[in-house]
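The structure appears below as structure tokens.
Model, not experiment: these values are computed from the prediction.
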Amino acid sequence: MDVWKEMKRLQVEQVVFCQEERSGLQAVIAIHSTKMGPALGGCRMWVYDSENDAVADAVRLARGMTYKAAFFGLPYGGGKAVIVGNPSTDKSEAKFRALGRFIDRLQGRYLSGVDLGTTVRDMDWIRLETAHVTDTTGTLMATGDFTAEMTAYGVFLGMKASADYLLGSGDLSGRTVAVQGLGKVGFLLCGLLRDAGASLIVTDIDQLLVDRAVKSCHARAVATDAIYGESCDIFAPCALGGILNDDTIPKLRCAIVAGSANNQLLEEARHGEELEQRGILYAPDFVINAGGLIITAGELQGQSVQELKRGVERIYGMLLAVYRRARAETVPTGQAAKLMAEEKLAAP
Ligand code: NAD
């Protein structure tokens, strides 16, 4: 990957490469945009196949954060930090403090938080060096799993909006939902769907998580590669990105795709178009999974828990607006959502 070219293609403002010999820190901070406010986005720790993959992941995720914040009119831009390393074996206080010093030098242009592979304790370490970090001890993130809870709640409401739009009713009782990934968000989502009277088909690579969902949600378990071909009303990707691709789209037997995973379409334009051609309604990921960002932004603005919940409830109406726009302009739903975010970004 040519970094300059990729920055230009994705309109990325700044990429900061961070290296510190003593702690062994190797990290990338990508600031996609600060037009609407400081670039907000978590810090991911992951083993990448190459340095290029780490940079590509950081810039793509940062851009997703810009769209998500702009779409919901939040006063933040998009950013992401990526630490290269194994989150189970390579963590140290020195590493996160070193990253904290790099973040501090950005003087508030980037605001970090928890993401894949990082925890509240890691953010506390960053906090020892800079004020520009959230999800530390004392925040909502540190009290139970409020972020995952609100993300799951937003996805559940997004499913209702999608069913309302396509099937004529937002009532999910008697509907069949296939959930891929039963981690923090997927499992909480299963509970909401169970309480709403939906039938569940589930899968995960972790058998213990499958057993837990089967037991508590009366779900039917299937093999990981079988989930795509299950006949259902809604398929909910709640595991990894890139799972809507040339292999999986032809197998789908659902009316709607609505889940929490980020970057679900392997190739945004082409695979969005293919879903459209197959008559499958796709809930754009950065709209339906925005619950976590909405509450983080709201908490930074000092909102109460009730206000935060109301913020997440906007997902229902905003998703309907995306679907109407897509129909009016005969474009795929993902493209309609991007247009709506870009209009907010382009506003003077
Ligand atoms: P998690 O790590 O707790 O759960 C992910 C689950 O997916 C794990 O149980 C894992 O075993 C499973 N999985 C991985 N590969 C799989 C495969 N091939 N088939 C089936 N299952 C597989 O993560 P999470 O916090 O629940 O997040 C789920 C997704 O939602 C991620 O893509 C994340 O980026 C996105 N998301 C999460 C939040 C949040 O608040 N946690 C907010 C927005 C978006």
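Note that the OG atom of Ser112 and the NZ atom of Lys80 stand 9.0 Å from one another [nearest 0.5 Å]. Remark: Glu313 CD to Ile294 CD1 distance equals 10.5 Å, nearest 0.5 Å. The CE atom of Met123 sits 8.0 Å away from atom CG of Leu99, with the distance rounded to the nearest 0.5 Å. In this structure, CG on Leu128 lies 10.5 Å from CZ on Arg101, to the nearest 0.5 angstrom. Distance check, rounded to the nearest 0.5 Å: CD of Glu149 to CG of Leu189 gives 12.5 Å. Interatomic distance, Lys160 NZ to Leu157 CG, rounded to the nearest 0.5 Å: 7.5 Å.
Residues Val214 and Val222 do not share a hydrophobic cluster, defined by chaining ILVMFWY side chains whose heavy atoms lie under 4.5 Å apart. Cluster annotation: Val114 and Ile295 are assigned to distinct hydrophobic clusters (Ile/Leu/Val/Met/Phe/Trp/Tyr, side-chain heavy-atom contacts under 4.5 Å, transitive). Criterion: ILVMFWY side-chain heavy atoms under 4.5 Å apart, direct or through other members. Under it, Leu61 and Ile83 are not part of a common hydrophobic cluster. By the rule that hydrophobic residues join a cluster once side-chain heavy atoms approach within less than 4.5 Å of another member, Val322 and Leu265 end up as members of separate clusters.
Annotation: Glu21, atom CD; neighbour count of heavy atoms from other residues, nucleotides and ligands within 6.0 Å does not exceed 12. Glu267 CD: more than 12 foreign heavy atoms inside a 6.0 Å radius. Within a 6.0 Å radius of CG in Asp2, other residues, nucleotides and ligands contribute more than 12 heavy atoms.
Side-chain contact between Met65 and His32 is absent, with no heavy atoms from C-beta onward closer than 4.5 Å. Put simply, the side chain of Val202 reaches to within 4.5 Å of the side chain of Cys190, judged on heavy atoms. Residues Ile234 and Arg175 form no side-chain contact, since every pair of their non-hydrogen atoms from C-beta on lies 4.5 Å or further apart. Residues Asp211 and Gln207 have side chains in contact (heavy-atom distance under 4.5 Å, counting atoms from C-beta outward). Inter-residue side-chain proximity for Phe17 and Val55 is flagged as met; some heavy-atom pair is nearer than 4.5 Å. The side-chain heavy atoms of Thr136 and Ile126, taken from C-beta on, include no pair separated by under 4.5 Å. Counting only heavy atoms from C-beta outward, the side chains of Val177 and Ile201 never approach each other to under 4.5 Å. No side-chain heavy atom of Thr203 sits under 4.5 Å from any side-chain heavy atom of Leu182.
With hydrogens and angles ignored, the 3.5 Å screen pairs a side-chain donor or acceptor of Arg314 with a backbone N or O of Phe72. In this structure, the side chain of Ser33 does not engage the main chain of Thr66 through any donor-acceptor pair within 3.5 Å. Listed for the Asp285 side chain is a donor-acceptor partner under 3.5 Å among the backbone atoms of Gln264. Asp53 places no side-chain N or O within 3.5 Å of a backbone atom of Tyr48 that could act as its donor or acceptor partner. Glu230 contributes no side-chain N or O that, together with a main-chain N or O of Ile227, makes up a donor-acceptor pair within less than 3.5 Å. Between the Arg127 side chain and the Val133 main chain, no donor and acceptor come within less than 3.5 Å of each other.
For the residue pair Thr137 and Asp124, a side-chain donor N or O sits within less than 3.5 Å of a side-chain acceptor on the partner. Side chain to side chain, Tyr316 and Asp164 meet the donor-acceptor criterion of an N or O pair below 3.5 Å. In summary, the side chains of Gln180 and Tyr228 do present a donor paired with an acceptor at a separation below 3.5 Å, with no hydrogens or angles considered. With no hydrogens or angles considered, no side-chain donor-acceptor pair links Ser260 and Asn289 at under 3.5 Å. When only modelled atom types and interatomic distance are considered, Gln301 and Tyr76 share a side-chain donor-acceptor pair under 3.5 Å. Tyr323 and Ser162 form a side-chain donor-acceptor contact under 3.5 Å, judged by distance and modelled atom types alone. Judged purely by distance below 3.5 Å, without hydrogens or angles, the side chains of Ser50 and Asn52 never pair a donor atom with an acceptor atom.
With respect to Lys95 and Glu20, no salt bridge is recorded, no charged nitrogen being found less than 4.0 Å from a carboxylate O. Salt-bridge annotation for Arg105 and Glu129: absent, with no side-chain N of the basic residue lying under 4.0 Å from a carboxylate O of the acidic one. Ion pairing between a basic and an acidic side chain is recognised when a charged N comes within 4.0 Å of a carboxylate O; Arg327 and Glu276 show no such pairing. Between Glu273 and Arg270 there is no salt bridge, since no side-chain nitrogen of the basic residue lies less than 4.0 Å from a carboxylate oxygen of the acidic one. A salt bridge is absent between Glu274 and Arg278; no separation between the charged side-chain nitrogens and carboxylate oxygens falls under 4.0 Å. Note on Arg109 versus Glu13: salt bridge recorded, some NZ/NE/NH1/NH2 to OD/OE distance being below 4.0 Å.
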Test log, rule side-chain contact (heavy atoms from CB on, under 4.5 Å), inputs Trp46 and Val82: CA-CA 7 Å; Trp46 204 245; Val82 160; 5.8 Å; no
Pair Glu93-Asp122, side-chain contact (heavy atoms from CB on, under 4.5 Å): steps then yes or no: CA-CA 7 Å; Glu93 176 176 342; Asp122 305 333; over 6 Å; no
Stepwise side-chain contact (heavy atoms from CB on, under 4.5 Å) check, Thr130 with Phe102: CA-CA 9 Å; Thr130 182; Phe102 279 105; over 6 Å; no
Pair Gln11-Arg63, side-chain hydrogen bond (donor to acceptor under 3.5 Å, both in side chains): steps then yes or no: CA-CA 8 Å; Gln11 298 282 292; Arg63 184 181 67 145; over 6 Å; no
Trace of the side-chain contact (heavy atoms from CB on, under 4.5 Å) decision for Glu343 with Leu345: CA-CA 5 Å; Glu343 280 163 11; Leu345 281 168; over 6 Å; no
Verdict with supporting geometry, Asn245 and Thr248, side-chain hydrogen bond (donor to acceptor under 3.5 Å, both in side chains): CA-CA 5 Å; Asn245 54 46; Thr248 60; 3.2 Å; yes
Verdict with reasoning, Ser169 to Asp171, per side-chain hydrogen bond (donor to acceptor under 3.5 Å, both in side chains): CA-CA 5 Å; Ser169 165; Asp171 182 0; 5.0 Å; no
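Nearest approach of Tyr110 to Gly42, heavy atoms of both residues: OH-O, 3.2 Å. Heavy atoms only, all atoms of each residue included: Cys254 and Ile280 are closest at O-CG1, 3.5 Å. For the residue pair Leu244 and Leu252, the shortest heavy atom distance occurs at CD2-CD1, 4.1 Å. Of all non-hydrogen atoms in Thr34 and Ala39, the two that sit nearest each other are CG2-N, 4.0 Å. What you find for Glu329 and Arg325 is that their closest heavy atoms are OE2-NE, 2.6 Å. Smallest separation of non-hydrogen atoms from Ser23 and Ala98: OG-CB, 3.7 Å.
Geometrically, Arg212 engages Phe187 in a cation-pi contact, judged by NZ or CZ lying under 6.0 Å from the ring centre and within 45° of the ring axis.
Relative ring orientation between Trp125 and Phe96 is described as tilted, the plane-to-plane angle lying within the 30° to 60° band.
With Tyr67 as reference, Lys338 is the one residue of Lys338, Lys344, Met340 to meet the side-chain contact (heavy atoms from CB on, under 4.5 Å) rule.
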